[in-house]
Amino acid sequence: METSRERLARQLAEAVAEALRSDLAVQERALLVVSGGSTPVPFFRALATLDLPWERIDVTLADERWVAEDSADSNARLVREHLLTGAAAEANFVPLTTDDATPEQGVDAVAARIDRLAWPASMVILGMGGDGHTASLFPDSRELGLALSTDDTVVAVRTPSQPQARITLSAGRLHQARRHVLHLNGEDKRTVLATAMAGDDVRKLPIRAFLACPLAIYWAP
Ligand SMILES: O=C1O[C@H](COP(=O)(O)O)[C@@H](O)[C@H](O)[C@H]1O
């Protein structure tokens with residue numbers, strides 16, 4: 001039997017497919033920005049089964065750990081394994097890492113590659129951590145202020161609470177979408193989201209930077 005999380009993932013996949021079809025009726029290419037972590041896996045699997053002109057769709061990530069693509073921590077690996085399968089393998093996936101040793105060294109090349117995509121994105125799908133971070137906008141990141149305010153496309157991020165350096169699309173770039181979704185599971189995250197909605201300090205709970213997008217919330221217990 002389908003679980004509530006699987007049902008939510010399927011409903012989100014259908015909404016994403018509808019948005020992509022709608023945009024592709026009036027433009028040649030469409031861009032989908034997805035998040036990593038554990039939450040999106042059933043969504044990726046559901047979306048991959050849907051009938052779409054995948055060869056006209058670009059997919060990139062909201063953020064990435066600065067690790068090799070074969071690392072278990074790689075969001076790109078997650079996308080390749082669970083979304084870019086079957087007909088969906090025809091999509092053009094644009095990763096957020098380079099062969100450079102650090103994200104600071106690779107940031108300009110990644111920005112150039114992301115800037116070439118079909119902005120505004122059809123949809124940005126955000127996740128959220130228990131600390132209220134979204135993408136790699138972490139409350140304890142020393143680059144949080146920059147990532148929230150810059151006109152740059154991507155930002156290299158160092159975060160004491162995280163083992164790896166990261167790269168993230170800036171809040172400004174993530175705002176450039178026709179539709180925004182927050183996909184999350186569990187009571188703990190619902191409580192964090194309720195706290196975020198009740199206040200306004202973005203530095204404490206960075207998800208607050210997107211609450212007024214408007215943001216469609218897909219939540220399951
Ligand atoms: O570090 C990350 O975490 C968040 C949430 O991940 P989850 O495992 O709790 O679903 C994710 O949105 C972000 O892209 C990822 O890099």
Side-chain angles (χ1 to χ4, degrees), residues 3-6 8-9 12-13 16 31-47 59-69 71-83 93-97 103 106-107 110 114 121 123-144 147-148 153-171 173-175 177 180-193 195-196 202 205-211 213 215-221:
T3 66
S4 61
R5 293 185 182 191
E6 287 165 345
L8 182 80
L12 175 56
V16 170
L31 172 60
L32 175 64
V33 180
V34 298
S35 289
S38 54
T39 307
V41 170
F43 157 68
F44 288 159
R45 289 185 181 147
L47 185 60
V59 178
T60 194
L61 283 157
D63 70 312
E64 179 64 283
R65 297 173 185 83
W66 201 259
V67 295
E69 266 204 30
S71 162
D73 292 327
S74 165
N75 285 338
R77 176 177 167 161
L78 197 79
V79 169
R80 290 191 194 282
E81 284 185 0
H82 299 290
L83 176 57
F93 176 59
V94 182
L96 298 185
T97 53
V107 74
V110 174
I114 298 301
M123 194 178 281
V124 166
I125 302 170
L126 296 169
M128 186 187 76
D131 59 357
H133 87 265
T134 190
S136 282
L137 308 176
F138 286 87
D140 63 330
S141 164
R142 71 180 185 209
E143 293 85 6
L144 177 61
L148 289 169
T153 295
V154 289
V155 178
V157 174
R158 304 277 170 167
T159 305
S161 63
Q162 300 302 310
Q164 297 109 346
R166 292 176 172 234
I167 188 162
T168 188
L169 267 61
S170 64
R173 183 53 93 173
L174 288 166
H175 279 133
H180 290 85
V181 162
L182 175 60
H183 181 197
L184 69 174
N185 294 324
E187 291 297 340
D188 291 357
K189 288 191 180 180
R190 189 168 78 153
T191 301
V192 174
L193 181 59
T195 304
V202 176
L205 294 171
I207 187 61
R208 286 177 171 145
F210 300 92
L211 295 180
C213 274
L215 189 63
I217 295 166
Y218 281 71
W219 175 84

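Residue indices begin at 1 and follow the sequence shown. Both counts, for ligands and for their atoms, begin at 1 and track the order of listing.
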Handout entry: Over all atoms of both residues, closest heavy-atom pair of H183 and I125
Key =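 Here H183 and I125 meet closest at CB-CG2, 4.2 Å.
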Handout entry: Exercise: identify the closest heavy-atom pair between D131 and L205
Key =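 Looking at all heavy atoms of both residues, the closest pair is O-CD2, 3.6 Å.
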For ligand 1, which atoms sit closer than 4.0 Å to a heavy atom of [X]?
X    : answer
N75  : 16 (O)
T39  : 7 (P), 10 (O)
K189 : 7 (P), 9 (O), 10 (O)

Exercise for the section: Output all residues satisfying salt bridge (Lys or Arg N to Asp or Glu O under 4.0 Å) with R65, sequence neighbours left out; order by chain, then residue number. Expected result: none
Problem - Qualifying residues under salt bridge (Lys or Arg N to Asp or Glu O under 4.0 Å), relative to R77, sequence neighbours excluded - result: E81
Completion exercise
min-distance protein heavy atom vs atom 11 (C) of ligand 1 -> G36 O, 3.6 Å
Practice task
Write out the residue and atom name of the closest protein heavy atom to atom 2 (C) of ligand 1, then the distance separating them to 0.1 Å.
Solution key: H133 NE2, 3.4 Å
Handout entry: contact_flag E64 ligand 1 heavy-atom lt 4.0 Å
Key = no
Exercise for the section: Please state whether Q162 comes within less than 4.0 angstrom of ligand 1, counting heavy atoms only. Expected result: no
Handout entry: Between H82 and F43, ring centroids under 6.0 Å
Key =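 No, the ring of H82 stays outside the 6.0 Å limit from the ring of F43, centre to centre.
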Using heavy-atom distances only, which candidate in [options] approaches [atom] most closely?
atom                    : options            : answer
atom 6 (O) of ligand 1  : P40, G37, A135     : G37
atom 12 (O) of ligand 1 : G127, G130, S38    : G127
atom 16 (O) of ligand 1 : V34, L78, V41, D63 : D63

Problem - Under-4.0 Å salt bridge between E6 and R45 - result: no
Exercise for the section: Report yes or no: does E143 contribute a side-chain atom to a donor-acceptor pair with the main-chain N or O of V157 at less than 3.5 Å? Expected result: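 Not at all, since once roles are kept as given, no pair shorter than 3.5 Å links the two residues.
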